[in-house]
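One structure is given here, and the rest of the page talks about it.
What you are looking at is a predicted structure, and each value in this text was computed from that prediction instead of being measured. Letters go in sequence order (proteins before strands), and every chain restarts at 1.
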2 protein chains.
Amino acid sequence: MHDHSDMPGHLARRFQQIAVAIFHEEAEAAGFDLTPVQYVALAVLRQHPGIDQATLAGLIAYDRTTIGGVIDRLVQKGLMARAISPKDRRAHVLHLTEAGLATLEGIQPAVEAAQRRMVAGLEPAEVTEFIRLFRKAIAAATERSRVPAKPAP
Amino acid sequence: MHDHSDMPGHLARRFQQIAVAIFHEEAEAAGFDLTPVQYVALAVLRQHPGIDQATLAGLIAYDRTTIGGVIDRLVQKGLMARAISPKDRRAHVLHLTEAGLATLEGIQPAVEAAQRRMVAGLEPAEVTEFIRLFRKAIAAATERSRVPAKPAP
DNA sequence: CACTGATTATCAGTATACTGTCAATTTAGG
DNA sequence: CCTAAATTGACAGTATACTGATAATCAGTG
C-alpha cells in the first residue's frame, strides 16, 4: 500500500536534498562559498540587526546548538560580528559586517535563481499552491516542534 | 518581497525538520530506536533482498558515502547483515535479519502515524495535492540536472 | 594476457541537526 | 534582599549528508 516514495517524510527529505544541491550549484556558479543555512542566517540578521543567538535561532527555527557552529563559520569568514551584550552578559549580539552585507547583496540573484530551479517542474499556479501547502502544514505542526519559530520581537 | 519564509528552500528545510522530529517521537513512543533514514533503508531492503550498497543508495537517493555509516549502525543493531558478494568481491550484499524484519513490522503503525501527523494541518485533498506536487517537482529536478546524482564531468 | 576505464566501498574533511549537560547570568517570587 | 527558576551559550556525543581522494576489483579492448 505505502511505498516509501509516497510518504511525505521521504518526499520531504528528497526535496530538501535537491534544494540544497541546487543552492550550492547556483552559489558556486556565482562565485560564493555560502551554504543555504548560512545565507538565511545572514539575510535574517540584516532584517534584525543586533539580535542575539537565541533570537536568531528562533526566527529561523534552528536548534540552539546548531546556530553556534553556523555563526562560528560566518564570523571566521568575516561576514558576521559577535559581541557580548552590555544589557545581558550571557547573550552574544550579532551584526553583519561590510563584507557580510556585500556578500548578501551579491549572492541575491543566485539565491533567487536557485529558488526558481527547485520548483522548475511546476506550473506557476502549482508553485503558489505548493508554497501555500508547505506553510499550512508547517504552521499546524509548529506548536509541537521542539524548535518553534517565534515572531519577531 | 522575498521573505525567507516564502522561499521553497527554507520551507523544505523547515518541513523536513518537523518531519524528522515527528518520526522520532512516534518511533520512540512505540518503543523503537530507529531514524527515518534507517527505516527507509530497512523497508527498501525488504523489497529488494540481496542488493549491494550502491544499489540501495540509488533506490532511495542516498549518498554512497552516507549509506555506509547507516548500514554500519543497522548491522551493529543486528537488523541487517552485510556480506561480500561471491559474484563481485568489491560489492557488499545486504540482507535483513530476523530482528530487522520484526522491527520493520513492529514499527509500521508508528511510521504511518508519523506520516499522517506531518500533514495533519491539511485537508485530505490537500494532502493528495501536496504529495503530487512533491513528486512532480522532484521528478523534474531529477531528470533535468541529475541533482544530486553526480554531475557530468 | 595486459591495459584502460569504470565501479564499489572506504577514509578524511566539512557542515548541518539534535539530545543532554553544564556554567554563568538574569529574572521572578516571597 | 535572596533564593529558585529560567535563560544563554558552550561542550560532548550521535547521526545524516556531501566532496574529494584512494584501494580493490571488474569489464572491455587490443
Rounded to the nearest angstrom, tell me the gap between atom [atom1] in [X] and atom [atom2] in [N].
X: A/R13; N: C/dA17; atom1: CZ; atom2: C1'; result: 14 Å
X: A/L34; N: D/dC18; atom1: CG; atom2: C1'; result: 17 Å
X: B/I71; N: C/dC11; atom1: CD1; atom2: C1'; result: 16 Å
X: A/Q53; N: D/dG9; atom1: CD; atom2: C1'; result: 6 Å
X: A/I67; N: D/dT8; atom1: CD1; atom2: C1'; result: 14 Å
X: A/K77; N: C/dT14; atom1: NZ; atom2: C1'; result: 10 Å
X: B/I18; N: C/dA17; atom1: CD1; atom2: P; result: 13 Å
X: B/R64; N: D/dA23; atom1: CZ; atom2: C1'; result: 14 Å

Counting only side-chain N and O atoms of [X], is one of them less than 4.0 Å from OP1 or OP2 of [N]?
X: B/Q16; N: D/dT16; value: no
X: B/R89; N: C/dA9; value: no
X: A/H24; N: D/dT19; value: no
X: B/Q17; N: C/dC18; value: yes

Exercise. Taking the side chain from B/H48 and the backbone from B/V44, do they hold a donor-acceptor pair closer than 3.5 Å?
Worked result: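 Checked: no pair found.
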For this session: Verify, without hydrogens or angle tests, whether A/K77 (side chain) and A/G100 (backbone) share a donor-acceptor contact under 3.5 angstrom.
Result: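 The answer is no, because no donor-acceptor pair under 3.5 Å joins these two groups.
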Quick check for you: among [options], whose closest atom lies nearest to any side-chain atom of [X]?
X: A/V37; options: C/dA9, C/dA17, C/dA12; value: C/dA17
X: B/V70; options: C/dA17, C/dA15, D/dT16; value: D/dT16
X: B/A91; options: C/dT8, D/dC18, C/dT16; value: C/dT8
X: B/D63; options: C/dT21, D/dT19, C/dT8; value: D/dT19

Exercise. Hey, which of these two, B/G68 or A/K87, hits DNA chain C nearer its 5' end, going by closest nucleotide?
Worked result: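 Upstream on the strand: B/G68.
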Problem set entry | Earlier contact from the 5' end, DNA chain C, for A/P86 and A/T35 |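 Its nucleotide being nearer the 5' end, the pick is A/T35.
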For this session: Check B/V40, B/V70, B/V37 against B/I60 for a side-chain contact (heavy atoms from CB on, under 4.5 Å) and give me the one that passes.
Result: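 Considering B/V40, B/V70, B/V37, a side-chain contact (heavy atoms from CB on, under 4.5 Å) with B/I60 is found only for B/V40.
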For this session: Starting from the 5' end of DNA chain D, give me the residue, A/V20 or A/R82, whose nearest nucleotide shows up first.
Result: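 So the residue in question is A/R82.
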Exercise. What's the verdict on ring-ring contact (aromatic ring centres under 6.0 Å, His included) for A/F130 and B/F134, showing C-alpha distance, side-chain angles and the deciding distance?
Worked result: CA-CA 8 Å; A/F130 196 36; B/F134 256 131; 5.2 Å; yes
Write out a two-atom table: protein N or O, nucleotide N or O from nucleotides 5-7 of chain C, distance below 3.5 Å.
from, atom 1, to, atom 2, distance (Å)
C/dT7, O2, B/R90, NH1, 2.5

For this session: Could you check B/H10, B/Q16, B/Q17 and say which one makes a side chain to side chain donor-acceptor pair (under 3.5 Å) with B/R14?
Result: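 Answer to the side chain to side chain donor-acceptor pair (under 3.5 Å) test with B/R14 among B/H10, B/Q16, B/Q17: B/Q17.
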Exercise. Can you name the residues that form a salt bridge (Lys or Arg N to Asp or Glu O under 4.0 Å) with B/R90, not counting sequence neighbours?
Worked result: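 Listed in chain order: B/D88.
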Problem set entry | Minimum-distance pair of heavy atoms, taken over all atoms of A/D63 and A/T65 |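 Heavy atoms only, the tightest pair is OD2-N, 2.8 Å.
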For this session: Taking all heavy atoms of A/G78 and all of A/T97, pick out the closest pair and write down the distance.
Result: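 Minimum heavy-atom contact is O-OG1, 2.6 Å.
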